[in-house]
Amino acid sequence: MTADATGVTDVTDEAVRSLHATDDPRLRELLTGLIRHLHAFARETELTTEEWEAAIRFLTATGQTCTETRQEFILLSDVLGLSMLVEDINGRHGSEHTESTVLGPFHMTESPARELGADIDLVGGGERCVVSGRVLSGDGTPLPGAVLDVWQADGNGFYDVQRPDVQPPGNGRGLFTADAEGRFWFLTCVPSSYPIPTDGPVGGLLRATARHPYRPAHIHFIVSAPDHTPVTTHIFVAGDEYLASDAVFAVKESLVRDFTPVRDADAAKEFGVPVPFRHARVDLVLEHT
Ligand code: BEZ
Ligand code: FE
């Protein structure tokens, strides 16, 4: 190990040099950056041995909390803002395209294919709602046959996989195919804000930092069409109290939609719902590859 003028060994350079035989240049770049930033963090904060041990215990518990259906490491990345940062770095498609946001941990089962106009709320879980819009290319051309994978929590803020005793599989989920003019529409209940899981290490982290665990009410979409880059996104319910303090930092202004109250009987007939209902409109715009 080399030593500086004060006799302190420069472990950082030494650790970076240990990567010299790495074949994959990108792996070498990523590990070099990781070592340099981790070491700079330890120096800057003068990390104590006890703090290092506590961090190791925390990361160990995070790994031990992961199961087939739970990913506590992704949740950790979410609450640290890293998931959203990676999403932003990789999801830049120009202002004319729908902005992306985090996938989240609840896209874990396949959404059932449903006809346009179908109701994804299988249990009558909240206020009736129509979601409609079009899937378009960046130049405004409709994308017939575009596929929309939709999932959301019920009116009490739970996904089907969290409450298998009260929600049938596929509740709040649907796989829809846009019509010949790129249009889609489906029925659901107005989603609620909900807390991310807090019974693991990430919950402890939120409590230790006096942070609330809530996400503002939203509906998830993955939209895809031939020759276009798929987008993973949400629409958020305008007026939600957590829009400005999402626990996972995933709100983008362009994704907030009014869920407008409708009392018009003809509009209700068009969608086959009783009045009153709420209506959210969203056009989803994909980037041509
Ligand atoms: C979600 O929206 O489903 C979600 C996203 C990140 C963390 C937890 C939940
Ligand atoms: Fe969600």
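Small disclaimer: the values here were computed from a predicted structure and weren't measured. When a ligand or atom number is given, it counts from 1 through the structure's own listing order.
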Q. With a cut-off of 4.0 Å, which atoms of ligand 1 are near a heavy atom of H220?
A. 1 (C), 2 (O), 3 (O)

Q: Verify whether one side chain among H37 and H39 offers a donor that lies under 3.5 Å from an acceptor in the other.
A: no

Q.
Checking S100 against T232: is there a side-chain donor and acceptor pair closer than 3.5 Å?
A. no

Q: Scan for side-chain hydrogen bond (donor to acceptor under 3.5 Å, both in side chains) pairs involving residues 242-259, sequence neighbours excluded, and state none if there are none.
A: D88-K252, E99-S254, H212-S245, R215-D246

Q) Which residue pairs pass the ring-ring contact (aromatic ring centres under 6.0 Å, His included) test with at least one member in residues 54-76, sequence neighbours excluded? A) none

Q. Do F221 and D149 have side chains that get closer than 4.5 Å, going by heavy atoms?
A. no

(Q) Quick check for you: within a radius under 2.8 Å, how many protein N, O or S atoms neighbour the Fe ion (ligand 2)? (A) 4

**Q.** Ligand-residue contact atoms, ligand 1 with L75, heavy atoms, under 4.0 Å
**A.** 7 (C), 8 (C)

Q.
Could you tell me if T48 and E51 have a donor-acceptor pair between their side chains, going purely by distance under 3.5 Å?
A. yes

Q. If you measure from each heavy atom of H218 to ligand 1, is any distance below 4.0 Å?
A. yes

Q) Are any side-chain N or O atoms of N156 and backbone N or O atoms of F158, one a donor and one an acceptor, separated by less than 3.5 Å? A) no

Q) Can we say R134 and D179 salt-bridge, meaning some charged N sits less than 4.0 Å from an Asp/Glu carboxylate O? A) no

**Q.** Residues which pass side-chain hydrogen bond (donor to acceptor under 3.5 Å, both in side chains) with Q167, listed by chain and number, not counting sequence neighbours
**A.** D154, N171

Q | Protein contact of atom 9 (C) of ligand 1 - nearest heavy atom, named by residue and atom, plus distance | A | P105 CD, 3.2 Å

Q. Atoms of ligand 1 less than 4.0 Å from G104 heavy atoms?
A. 4 (C), 5 (C), 6 (C)

(Q) Just to confirm my output: which protein heavy-atom neighbour is closest to atom 7 (C) of ligand 1, and how far is it? (A) D78 OD2, 3.1 Å

Q: For atom 2 (O) of ligand 1, grab the closest protein heavy atom and report residue, atom and distance to one decimal in Å.
A: R215 NH1, 2.5 Å

(Q) Counting only nitrogen or oxygen atoms and a 3.5 angstrom limit, does Y194 reach ligand 1? (A) yes

Q. Per the salt bridge (charged side-chain N to carboxylate O under 4.0 Å, His left out) rule, which among R128, R114, R173 passes with D119?
A. R128

